[in-house]
Amino acid sequence: MTAAAERFATARQAADAVLFEGYVLYPYRASSAKNRMRWQFGVLVPPVWASASGEPVLQRTEILMEPRADAALHGELRFLHAQRRTVERILIDGEFEPTDELRLPDRVLVPWDEGVEERVEVSVDIAALTAEDVVLPFTVPATEDSEVVTGADGFPAGRVVRRRERLEGVLRLSAEELPGPYRVLRLTAVAENTGSALASRREEALPHALVSAHLMLRLTAGYFVSMTDPPEWAKAAVAECRNENTWPVLAGDDGAANVVLSSPIILEDHPRIAPESPGALYDATEIDEILALRTAALTDEEKRQARGTDDRAAAVIDLADSMPPEVMERLHGAVRALREVTGPQDSPAAVPETPWWDPGADASVDPVRDRVMVGDTWVAAGSRVVLRPGRRRTDAQDLFLQGRSAQVEAVLHDVDGGVHLAVTVDGDPGAEIRREQGRFLYFQPDELAPLEDA
C-alpha cells in the first residue's frame, strides 16, 4: 500500500462509493433510458460550458482545524475522466468502420463513456500554508488507444477505440488563523476546472470535465472541527464557512477527527459502507439485496449486453451470479446495536409479552377507552364527528372527505406524544371490513369536529 493510500485507508471506502455513485444503473445496460443521462454528481465543467449551462466550474471547501505546531496537511483530489469508447467492425480488406453494435460470444459491445480515475496529490506544512497560499495546476493529456477483439472463431471481429480529451484544472489551498482564545485555522480548498475547451452540448463538455470530484484531507497532527456537529465555541466560526458544491465530513479511523472527506453528496460524519455489502453495485448501497436478486434474474441476453456495456457492469453481473446463499442472507438485514435487558433471566418481566409498538405493551394507553378533548367536547371510540382535513398534512384523497360524517373507532397515541383518531366514514361500504382488519383512516383532533346531534 502506498503512503497516500495509507493516509486515507478508511475514508477511501466511502470516497469510492462517492466516486462511482450512479456510474451505471440497473439493469446495467447502455440501452437503458436511465443510463443515457450520465454523470450527475460532482461534475466540474469547463468555464465556457459553465457560463452557458449553469453547471459548476469549481468546488469550494472551507473547514476549521486545530493543527499542532509541526503539523502537515496531505490532500488528494479525485475525479473521473470521461473516456469515450467507440466500436468498429472489421471489413473484408482488414480496415475498420464504426458500428452501433458488435456481438461477441460473451458480450455485446456498444459505444459508451467509461470513467477513468484520476488523482491530484498535495502535501504542505501548515506553517508554510499560513504564510503563503498553495496553487497546484494540473493537466491530464489527451490519449487514444485501440483494442482488437476476436469472435467465436478466434479471428478479429472488430476493435474498441478509446479516446480521452485534454483536461486542465487547479487545486488551491489557503489557511487563515481566526481570532479567539484557541488556535483555530480556517482551511480553504478550491478545486477548479480551468480548461479552454469549447462545447455547444453537454455531451461535448463532459470529456473535458472533472466528474464525481471530491477531496480528501488529512492532518498529521491535530484535528478538524465537525461542520455538522461543531462544539459550542466553534458554532459562530463554522457558520461563516462557505462550502460550494461540496460538503466536508469527518472520516478518520475509529472516529478520529484528523481526516476529512469533502463530497458532492451530503454525508454524515464518519460515513461507512455496510460490512454486509458484497461489492460495488453503483445504484444506492442501501438496496444491495434487491439489486443482487434482480441482477441474477436477468436473461442471458440481458447479461451479455450488460457485460459489453462496461467492465464494472460485467463485474456486477459476475458478482450476482456467484453470490453464495450465506452472503445473500446477510444482506436481508443486520442488527447494528443491542440494548441490555435488565432483571433476572428467569424473571417473566425480562421477556416482554408484546412488542414495543403494540398498544398492549403500555398499560397507560387504551385505544378503545381513551378519550381526547376536541373543542369543549370529549371524543372517544363510538363518537360521531365531522371531518375537517388539514390541507398542510394530508393528501388529496383525504380532502375529498371534507365535511363528511364519521365514527371514531379508536384514540391512538404515538411515541412522540401525538394523538390520532381512527375513523370509519359514514356510508362507506367497506366499513365492516376496515373494522375486521383494523385498517382505518386517521386524523388529528384539530381535523374533526363533534357532531352536535351526537
Side-chain angles (χ1 to χ4, degrees), residues 4 7-8 10-12 14-15 18 41-42 44 56-79 120-136 169-193 210 212-272:
R7 296 182 190 122
F8 302 108
T10 300
R12 197 176 300 277
V18 172
F41 300 102
L44 306 181
V57 70
L58 62 82
Q59 288 179 346
R60 179 188 184 92
T61 300
E62 286 191 352
I63 190 168
L64 305 185
M65 60 181 181
E66 299 179 87
R68 295 177 185 168
D70 56 347
L73 177 71
H74 300 294
E76 184 177 307
L77 172 66
R78 303 173 76 212
F79 56 90
V120 178
E121 298 178 4
V122 61
S123 295
V124 59
D125 291 335
I126 295 297
L129 185 60
T130 55
E132 184 178 6
D133 295 354
V134 172
V135 180
L136 181 62
V170 63
L171 178 61
R172 300 186 182 93
L173 298 175
S174 62
E176 174 188 6
E177 187 165 350
L178 302 182
Y182 306 100
R183 184 173 184 263
V184 179
L185 303 181
R186 180 169 58 224
L187 173 68
T188 301
V190 178
E192 182 177 358
N193 188 326
L210 283 65
S212 296
H214 60 276
L215 182 66
M216 293 187 293
L217 301 166
R218 179 179 180 271
L219 278 173
T220 58
Y223 308 95
F224 290 101
V225 176
S226 170
M227 298 291 291
T228 305
D229 187 22
E232 191 65 34
W233 62 264
K235 287 185 176 179
V238 164
E240 294 179 356
C241 291
R242 183 160 57 97
N243 288 278
E244 300 177 14
N245 308 311
T246 188
W247 182 252
V249 296
L250 303 180
D253 298 337
D254 299 323
N258 62 332
V259 174
V260 160
L261 169 61
S262 189
S263 159
I265 301 173
I266 296 178
L267 305 170
E268 61 182 357
D269 282 338
H270 305 291
R272 293 289 185 272

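Quick caveat: nothing in here was measured; it's all calculated off a predicted structure. The figures here come from the full heavy-atom set of this structure, side chains too, leaving out hydrogens, waters and symmetry mates.
- Applying the side-chain contact (heavy atoms from CB on, under 4.5 Å) test to Ala15 and every residue at least two apart in sequence or in another chain returns Arg78, His214, Met216, Leu261.
- Evaluation of the side chain to side chain donor-acceptor pair (under 3.5 Å) rule for Thr130 yields no partner, not counting sequence neighbours.
- Remark: side-chain polar atoms of Asn258 are not paired, donor with acceptor, to backbone N or O of Arg218 under 3.5 angstrom.
- A heavy-atom distance below 4.5 Å is not found between the side chains of Ser174 and Val134.
- The CG atom of Leu77 sits 10.5 Å away from atom CD of Glu121, with the distance rounded to the nearest 0.5 Å.
- A donor-acceptor pair is defined here as one N or O able to donate and one able to accept, closer than 3.5 Å; such a pair exists between the side chain of Asn193 and the backbone of Leu44.
- Heavy atoms only, all atoms of each residue included: Ala237 and Leu178 are closest at CB-CD1, 3.9 Å.
- Here the shortest heavy-atom pairing between Met65 and Ala175 reads CE-CB, 4.2 Å.
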task = Evaluate the criterion side-chain contact (heavy atoms from CB on, under 4.5 Å) for residue pair Phe8 and Val259; output intermediate values, then yes/no.
result = CA-CA 7 Å; Phe8 302 108; Val259 174; 4.0 Å; yes
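- When all heavy atoms of Pro67 and Ile126 are compared, the pair lying nearest together is CG-CG2, 3.9 Å.
- Here Ile266 contributes atom CD1 and Trp247 contributes atom CH2; the two are 7.5 Å apart, rounded to the nearest 0.5 Å.
- Ion pairing between a basic and an acidic side chain is recognised when a charged N comes within 4.0 Å of a carboxylate O; Arg12 and Glu76 show such pairing.
- The two atoms that bring Ala213 and Phe79 nearest to each other are CA-CB, 3.9 Å, heavy atoms only.
- Sorted pairs that involve residues 124-136 and meet salt bridge (Lys or Arg N to Asp or Glu O under 4.0 Å), not counting sequence neighbours, are lacking altogether.
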request  = Kindly determine whether Thr188 and Arg60 satisfy side-chain contact (heavy atoms from CB on, under 4.5 Å), including the steps that lead there.
outcome  = CA-CA 7 Å; Thr188 301; Arg60 179 188 184 92; 3.8 Å; yes
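- Partners of Ser212 by side chain to side chain donor-acceptor pair (under 3.5 Å), not counting sequence neighbours: none found.
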Side-chain polar contacts of residues 220-227 - donor-acceptor pairs under 3.5 angstrom, sequence neighbours left out - could you list them?
| residue | atom | partner | partner atom | Å |
| --- | --- | --- | --- | --- |
| Thr220 | OG1 | Ala72 | N | 2.8 |
| Thr220 | OG1 | Ala72 | O | 3.4 |
| Ser226 | OG | Thr228 | N | 3.2 |
| Ser226 | OG | Asp229 | N | 2.9 |
| Ser226 | OG | Asp269 | OD2 | 2.5 |

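- Electrostatic pairing of Glu66 and Arg183 does not count as a salt bridge here, judged by no charged N lying under 4.0 Å from a carboxylate O.
- The CG atom of Leu187 lies 8.5 Å from the CG atom of Leu185; values are rounded to the nearest 0.5 Å.
- For residues 230-243, the set of pairs meeting the salt bridge (Lys or Arg N to Asp or Glu O under 4.0 Å) definition, not counting sequence neighbours, comprises Glu232-Lys235, Arg242-Glu244.
- The shortest heavy-atom contact between Thr246 and Ser262 is OG1-OG, 2.8 Å.
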request  = Please step through side-chain contact (heavy atoms from CB on, under 4.5 Å) for the pair Leu219 and Leu73, ending with a clear verdict.
outcome  = CA-CA 5 Å; Leu219 278 173; Leu73 177 71; 4.3 Å; yes
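- Cys241 approaches Leu64 most closely through the heavy-atom pair SG-CD2, 3.9 Å.
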inquiry  = I'd like to know whether Leu136 forms a side-chain contact (heavy atoms from CB on, under 4.5 Å) with Val120, so could you lay out the CA-CA distance, the side-chain angles of the two residues, the decisive distance to 0.1 Å, and finally the verdict.
reply    = CA-CA 9 Å; Leu136 181 62; Val120 178; 3.7 Å; yes
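- A heavy-atom distance below 4.5 Å is not found between the side chains of Ile63 and Val238.
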